[in-house]
Amino acid sequence: QVQLLESRGGLVQPGDSLTLSCIVSGRTSSTPTMGWFRQAPGKEREFVAGIRWNQGSYFYADSVRGRFTISRDKAKNTLYLQMNGLKAEDPADYYCAATPWVGGIIPASDYADWGQGAQVTVSS
């Protein structure tokens, strides 16, 4: 089990960039894969990006590939999601999460630990 503490989200304009961070504490060896999810009002939580903590290999949802970048700093035990070119369809609560499974796109139901969420708003 790990504890996840996310940075705050923010209000940005279309086309702007925003980076979220997530500090990981606890037994990171038990969570080889970490991810970012988002949930908009009235919608299900959806996968955004995932990364294998040790190897650094990463996976993206089609909707964000080429615009978002997931990364991690193992020395700081911190997960990042850099979001560029934010669009009107990106606003949501964004969550970092950790899973004991090793894989690529892993469903939300298989993630055991979750951050508190960060609200991202895109508005002109």
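Rounding to the nearest 0.5 angstrom, the gap separating the NZ atom in Lys43 from the CG atom in Asp93 is 13.0 Å. With rounding to the nearest 0.5 Å, the separation of CE in Met34 from CG in Leu79 is 5.0 Å. Within the model, atoms OG of Ser21 and CG of Asp73 stand 11.0 Å from one another, a figure rounded to the nearest 0.5 Å. We find the CD1-SG distance between Ile23 and Cys96 to be 9.5 Å, quoted to the nearest 0.5 Å. From Thr78, atom OG1 reaches atom CZ of Arg72 across 12.0 Å, with rounding to the nearest 0.5 Å. Rounded to the nearest 0.5 angstrom, Ser57 OG and Ile70 CD1 are separated by 10.0 Å.
Residues Val120 and Leu5 fall into different hydrophobic clusters, defined by Ile, Leu, Val, Met, Phe, Trp and Tyr side chains chained together at heavy-atom separations under 4.5 Å. Connection of Val64 to Phe37 is not established within any shared hydrophobic cluster, with ILVMFWY side chains joined at heavy-atom distances below 4.5 Å, either directly or through further cluster members. Residue Phe47 is not grouped with residue Trp53 when hydrophobic side chains (ILVMFWY) are merged at heavy-atom distances under 4.5 angstrom, including chains of intermediate members. Placement of Val2 and Leu20 within a single hydrophobic cluster is found when ILVMFWY residues are connected by side-chain heavy-atom separations under 4.5 Å, directly or transitively. Follow the hydrophobic side-chain contacts under 4.5 Å out from Ile106 and you reach Phe59 in the same cluster.
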Could you check Thr69 against Tyr80 for side-chain contact (heavy atoms from CB on, under 4.5 Å), going step by step and ending with a plain yes or no? CA-CA 8 Å; Thr69 302; Tyr80 300 97; over 6 Å; no
Output, in order, the C-alpha distance, side-chain angles, deciding distance and verdict of side chain to side chain donor-acceptor pair (under 3.5 Å) for Thr99 and Asp110. CA-CA 6 Å; Thr99 176; Asp110 286 336; over 6 Å; no
Would Ser25 and Asn77 satisfy side-chain contact (heavy atoms from CB on, under 4.5 Å), going step by step from the backbone distance to the final call? CA-CA 7 Å; Ser25 58; Asn77 268 4; over 6 Å; no
Working for side-chain contact (heavy atoms from CB on, under 4.5 Å), residues Met83 and Thr19: CA-CA 6 Å; Met83 303 180 288; Thr19 298; over 6 Å; no
Starting from the C-alpha separation in whole Å, work towards a yes-or-no answer on side-chain contact (heavy atoms from CB on, under 4.5 Å) for Phe68 and Trp36. CA-CA 11 Å; Phe68 290 12; Trp36 287 96; over 6 Å; no
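The side-chain heavy atoms of Gln1 and Asp113, taken from C-beta on, include a pair separated by under 4.5 Å.
A donor-acceptor pair is defined here as one N or O able to donate and one able to accept, closer than 3.5 Å; such a pair exists between the side chain of Gln116 and the backbone of Glu6. Within the 3.5 Å criterion, the main-chain N or O of Gln39 finds no donor-acceptor partner in the side chain of Tyr94. A donor-acceptor pair is defined here as one N or O able to donate and one able to accept, closer than 3.5 Å; no such pair exists between the side chain of Arg52 and the backbone of Thr33.
Nearest heavy atoms, Pro91 versus Ala40: O-CB, 3.8 Å. Among all heavy-atom pairs drawn from Ser17 and Asn84, the shortest one is OG-OD1, 2.8 Å. In terms of heavy atoms, Ser123 sits closest to Leu11 at CB-CD1, 4.0 Å. Heavy atoms only, all atoms of each residue included: Gly9 and Ala118 are closest at N-CB, 3.7 Å. Nearest heavy-atom pair across Ala112 and Pro100 is CB-CD, 4.2 Å.
Applying the 6.0 Å contact sphere to OH of Tyr58 captures no more than 12 heavy atoms from other residues, nucleotides or ligands. More than 12 non-hydrogen atoms from other residues, nucleotides or ligands lie less than 6.0 angstrom from CD of Glu89. Within 6.0 Å of the NZ atom in Lys76, the count of heavy atoms belonging to other residues, nucleotides or ligands does not exceed 12.
In this structure, Trp101 has its ring center at least 6.0 angstrom away from the ring center of Tyr111.
The pair Asp90-Arg67 meets the salt-bridge criterion, since a charged nitrogen lies less than 4.0 angstrom from a carboxylate oxygen.
For the pair Arg38 and Tyr95, the cation does not sit on the ring face, since its NZ or CZ is not both under 6.0 Å from the ring centre and inside 45° of the axis.
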